[in-house]
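One structure is given below, encoded as structure tokens.
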Amino acid sequence: MQVTKTVDDTRAIIKAWKKEGLTIGLVPTMGFLHEGHASLIRKCREQNERVVVSDFVNPTQFGPNEDLAAYPRDFERDSQLCESLGADLIFHPEPEDMYEDPCAYVSIEKLSNNLCGLTRPIHFRGVCTVVSKLFHIVAPDRAYFGEKDAQQLAIIRKMVKDLNFDIEIVGCPIVREEDGLAKSSRNTYLSAEERKAALCLSRSVARGKEVIRKGMKTEVLLAEMRAVIEAEPLAKIDYVSVVDALTMENVDVIDCDVLVAMAVYIGKTRLIDNFSWQLPQER
Ligand code: AMP
């Protein structure tokens with residue numbers, strides 16, 4: 001497995017692979033890798049001749065009062081995991097290698113305005129900008145994203161469509177801890193007491209699935225899901241919403257495929273979770 005820090009070194013390797021006609025898969029990450037990331041890397045390994053993992057805590061997707069400085073980092077551990085999963089290259093740049101007084105940004109309108117975009121107004125612009133840069137640097141055939149960040153996945157799909165990136169976007173299911181908590185690098189921020197409290201997110205998701213299956217109204221669904229979280233004293237809801245799976249706009253009546261998504265503060269840590277719901281097919 002090779003490790004590169006600069007765009008030029010990465011491009012040189014990619015160029016050689018392209019010359020050989022090899023297919024390339026990309027897994028963009030912010031590092032501090034866990035089983036969620038590993039599932040993306042495994043899928044990428046199955047489907048491509050060369051596997052590239054990017055490991056970069058992207059400053060442009062953090063707001064001024066967010067956790068950029070505190071975000072956990074452990075490149076040694078990340079590279080061992082990538083090696084064990086059969087990755088061919090880790091691209092691990094420094095912020096200065098990626099951004100030199102930037103003036104160009106990529107933002108995807110409408111879809112970025114709801115849900116996480118309400119509390120994190122510049123977040124998706126940062127994500128789309130760094131992912132576009134990675135797409136240009138690595139020129140992958142396929143790129144892998146987790147359904148854990150479902151709004152991000154919808155935005156990336158729209159970006160690829162609108163900007164004609166010739167890249168297949170592969171969505172991968174949420175990987176959870178045994179007790180249900182969605183795996184996240186940010187789970188390391190939680191104290192033992194908060195870790196227990198954080199289970200209210202996956203419990204709320206489970207309750208939501210039960211309610212939606214019964215065909216209840218959106219207000220009932222949201223009220224039931226909120227009640228599960230509100231019963232937990234350490235939790236504070238940022239949002240619990242039902243949105244159109246493609247547009248990310250709120251829906252009052254579930255007459256399309258939807259994403260049911262939430263962000264919840266457990267103490268100071270903001271966690272997200274979600275589930276998707278497809279309309280039953282007409283016979
Ligand atoms: P991050 O390092 O948090 O930016 O995540 C990098 C990629 O891994 C994103 O596409 C995430 O959606 C995905 N990911 C993170 N956690 C999980 C998880 N628990 N299950 C599946 N994918 C995940």
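Indexing begins at 1, ligand by ligand and atom by atom, following the structure's order. Every value quoted in this text rests on a predicted model; they were computed, and no experiment measured them.
Annotation for Lys196: atom NZ does not count as buried by contact number, only 12 or fewer foreign heavy atoms lying within 6.0 Å.
Each of the following atoms of ligand 1 lies closer than 4.0 Å to a heavy atom of Lys183: 16 (N), 17 (C), 18 (C), 19 (N). Near Gln152, meaning under 4.0 Å from one of its heavy atoms, ligand 1 places the atoms 9 (C), 10 (O). Shown in contact with Thr29 at under 4.0 Å from a heavy atom are these atoms of ligand 1, numbered in order with element: 2 (O), 6 (C). Of all atoms in ligand 1, numbered sequentially from 1 with element shown, those under 4.0 Å from a heavy atom of Asp149 are 11 (C), 12 (O). With ligand atoms numbered from 1 in the order given, ligand 1 contributes 7 (C), 8 (O), 10 (O), 13 (C), 22 (N) to contacts under 4.0 Å with heavy atoms of Leu40.
With a 6.0 Å cutoff to the six-membered ring centre and a 45° limit on the axis angle, Arg73 does not count as a cation-pi contact of Phe32. A cation-pi arrangement is absent between Lys133 and Phe56 under the rule of less than 6.0 angstrom and at most 45 degrees off the ring axis.
The side-chain contact (heavy atoms from CB on, under 4.5 Å) test with Leu89 is passed by exactly one of Val52, Val51, Val138: Val52.
Counting heavy atoms under 4.0 Å from ligand 1, residue Leu33 does not touch it at all. Residue-level proximity to ligand 1 for Ser185 is absent, since no heavy atom of it falls below 4.0 angstrom. Residue contacts with ligand 1 for Arg176 are absent, since no atom lies close enough (heavy atoms, distance under 4.0 Å).
Between Val175 and ligand 1, at least one N/O pair is under 3.5 Å apart.
Of the candidates Pro28, Ser54, Gly146, Pro28 brings a heavy atom nearest to atom 6 (C) of ligand 1. In the candidate list Gln61, Met30, His37, His34, His37 is nearest to atom 5 (O) of ligand 1, counting heavy atoms.
Under a 4.0 Å N-O distance rule, the pair Arg207/Glu210 qualifies as a salt bridge.
From the protein, the heavy atom lying nearest to atom 21 (C) of ligand 1 is Pro173 O, 3.4 Å.
Note: Phe165 and His136 meet the aromatic proximity criterion, with ring centroids under 6.0 Å apart.
Remark: the Thr60 side chain and the Thr129 side chain contain no N/O donor-acceptor pair separated by less than 3.5 Å.
In this structure, Glu147 CD and Ser39 OG are separated by 9.5 Å, a value rounded to the nearest 0.5 Å.
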